[in-house]
Amino acid sequence: MANETYLYFDAAASAPPCAEAMAALTDAYSAYGNPSSLHVAGLSARRCMEHAREQLATAFRCKPEELIFTSSGTEASNQAIFGLAAMRGKRAKKIITTDSEHPSVEEPLRKLETQGFSVVRISTRGGVLDLGQLERELDEPIAFVSIMQANNETGAVYDIAAVRRALNAHKCDAPLHCDAVQGFLKLPTAAAKLSVLCDLVTLSAHKIGGVRGAGALYVKSTLRNLPPYLLGGGQERGLRSGTENVAAIAAFGAAAQAKSADRERLSAINELREFVIAQLQGSGICIHNPPQHLPNILHISIPNVLSSWSLNLLSEQGICVSAGSACSAHSQKKGNRVLESYGLPKEEIESALRISFTEQNTLTECERLCEALRTCTTLAARSNRTAERHSV
Ligand code: PLP
């Protein structure tokens, strides 16, 4: 059963669906026909889906036919990366990315490394993309470039406009893919720019107030011959076979429309972030504040307190935060590639927490969160002292 009583500070994992998305979802469930069927029920489902495509295209500032619906951001990035590798692999084997991409980009790239591609990972130390290193790597033919817009763990925003300028300056014709799953509708002018700057962009519904189970890949109309990743009935103009999740797509479109109009929302969210930073001053908690950051993600470390310990303590009080990306929470892999790339020392990585906000959070909730975080530090200090006494 869904629990309505918790304080939710994990919107970067999955944001609560907005009212408009829930209404569209419910409506779309009654359009149960297959959107590829030519009868009236199929056409009704298709209308629902095409309406969502238009809503998303308006929010992302592109043509509706430049959007391919997928099941998730992960699938959209896999489509982009394997598609680009197949399309460009004969011309060049060098791929450029960053050292802090989400696993849905990093893992496909690792697979390509086993198939003869070389992958150069540009440093994002301190949350800043090293543009000098990027420029130095553009001295030979490049298969493609994949650089995220905003990091899902630290909230750091990378300068995609500067990446485009660097590619142009070096007359590099490599297509540019951008994972904009966290940045979409969180940065005021970014949507308008990304469809101009990039050839392919990954989006995901459940980070913007839609529901899980829908993503999209923007494919610029000038990028021709991108081969499909999923083969089958040829849906989505042949680029993504499989019957579309019409209800989740309808909710995606409704959420994109509802949120895109709302710029004040972003500064309201940023105020919550600033409020928490101010409240935590002097508490001993380390705030990792990249120079350019999303308004909704705050990354901290509580010295000497393992993330799993504070996460549980907070969870017992009904407070949800995360210790990194939700996708890697069950991973058996040691260490944290993203936080190491950021340059955090081991102790701060082990004690890292991600707090992520929506406009539904209130200052009172934030006060409760800060109180609980301060309690974590006090309890940890007490148990450390006890441990010291025991060890004497
Ligand atoms: N890219 C980033 C930056 C993300 O944060 C996530 C999810 O956390 C994804 C991609 C994957 O999106 P999805 O959950 O829709 O597969």
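For ligands, and for the atoms within them, numbers begin at 1 and follow the listed sequence.
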Are side-chain heavy atoms of V145 and T97 found at a separation under 4.5 Å?
no
Would you indicate which of D179, T74, T202, L203 comes nearest to atom 2 (C) of ligand 1 when only heavy atoms are counted?
D179
Give a yes or no on whether E50 atom CD has more than 12 heavy-atom contacts from other residues, nucleotides or ligands under 6.0 Å away.
yes
Enumerated ligand 1 atoms positioned under 4.0 Å from heavy atoms of S72:
15 (O), 16 (O)
Is there at least one pair of N or O atoms, one from V181 and one from ligand 1, spaced under 3.5 Å apart?
no
Sub-4.0 Å heavy-atom contact, K207 with ligand 1:
yes
Looking at D199 and R164, is any side-chain nitrogen of the basic one under 4.0 Å from a carboxylate oxygen of the acidic one?
yes
Is there a donor-acceptor contact under 3.5 Å linking the side chains of T98 and T124?
no
Any atoms of ligand 1 less than 4.0 Å from a non-hydrogen atom of S204? List them with their elements.
13 (P), 15 (O)
Part of R212 with heavy atoms under 4.0 Å of ligand 1, whether side chain, backbone, both or neither:
neither
Test item, G215 contacting ligand 1 (heavy atom, 4.0 angstrom)
no
Would you tell me which option among M148, E101, Q182 has the nearest heavy-atom contact to atom 5 (O) of ligand 1?
Q182
For a quick check under 3.5 Å, do H102 and Q182 share a side-chain donor-acceptor pair by atom type?
no
Using the side-chain contact (heavy atoms from CB on, under 4.5 Å) criterion, which residues pair with N289? Sequence neighbours excluded.
R273, I277, I287, H293
